[in-house]
Amino acid sequence: MACFLTFITTLYSFLIIFSTSLNTISGAFIEESSEAIAIKREEKMSQSHLHFFFHDILSGKHPSAVRIAGPPESTFDNFGNTMMIDDALTEGPEPTSKLVGRAQGFYSMAAQNDVALLMVMNFAFVEDKYNGSSISMLGRNSVLDDVREMPIVGGSGLFRNARGYAMAHTNLVDPNTGDAIVEYDVYVSNFELGAGLAI
Ligand SMILES: *[C@@H]1O[C@H](CO)[C@@H](O)[C@H](O)[C@H]1NC(C)=O
């Protein structure tokens, strides 16, 4: 198993019984009746902790973050400034470290009197069995804070129905270029429903 990810799966089997007595009121304006049914349902819950480094590269010939909208002549922290990204996600902090996925989406400066980004992106993984699976994040990134928490709002593939949160901590920023390396810890759980089985 890749060390960027720890994964726990638990099977839950439970019985949901909908049961009410047959209830008939004759002569009343309403007649109600119900039948008792029992449904056995199985749910598989997986919990994952992902740890990776996000490389936001604005400089050079092949930047992974490009400005797509915002006020003319704006700098990074101008309100409205929007960057489209296709940032490498790696196992370790070095840019040469093993690629585990890419962060694809955008971020915008969404605060007028603060340095806070709106983050809208998918983490698309390429590692082992997670290749093709993704996690979607939508949140507020107050970039000057040491640790920022952002919601995980969904996922696909092995992360279908994912819910959870990401904790981001800036590892390194180049003050001249704005290039940044950010460490992410992502905690998600997701349920897979088994077929309902009437018993
Ligand atoms: C991930 O899947 C794609 C498409 O199925 C494939 O081309 C690629 O080689 C895979 N990557 C890895 C790292 O296994």
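Values reported hereafter were calculated over all heavy atoms of this structure, with side chains retained and with hydrogens, waters and symmetry mates removed. Read the numbers this way: they start at 1 and go in the same order the structure lists the ligands and their atoms. Along the sequence shown, residues are numbered consecutively beginning with 1.
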Does atom 5 (O) of ligand 1 have a protein non-hydrogen atom under 4.0 Å from it?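 Protein heavy atoms within 4.0 Å of atom 5 (O) of ligand 1 - there are none.
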
Among all the protein's heavy atoms, is there at least one whose distance to atom 9 (O) of ligand 1 comes out below 4.0 Å?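 Neighbour list for atom 9 (O) of ligand 1 is empty of protein heavy atoms (cut-off 4.0 Å).
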
Any side-chain heavy-atom pair of H51 and F53 under 4.5 Å: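 Result yes, sub-4.5 Å side-chain heavy-atom pair found.
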
Can you name the one residue among V188, D185, L5 that meets side chain to side chain contact (heavy atoms under 4.5 Å, CB included) with H49?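 Option passing the side chain to side chain contact (heavy atoms under 4.5 Å, CB included) with H49: D185.
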
Which protein non-hydrogen atom lies closest to atom 13 (C) of ligand 1, naming both residue and atom, and how far is it?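 Here the nearest protein heavy atom works out to V126 O, 3.3 Å.
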
Quick test: of every protein heavy atom, which one is nearest to atom 11 (N) of ligand 1, and how far off is it to 0.1 Å?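 Minimum-distance protein heavy atom for atom 11 (N) of ligand 1 reads N131 ND2, 2.9 Å.
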
Out of the candidates F7, F123, Y130, only one should pair with F159 under the ring-ring contact (aromatic ring centres under 6.0 Å, His included) rule; please name it.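 With F159 as partner, ring-ring contact (aromatic ring centres under 6.0 Å, His included) holds for just one option, Y130.
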
Honestly curious: do L118 and V66 fall in one hydrophobic cluster under the side-chain, below-4.5 Å linking rule?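 Linked, L118 and V66 end up in one cluster.
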
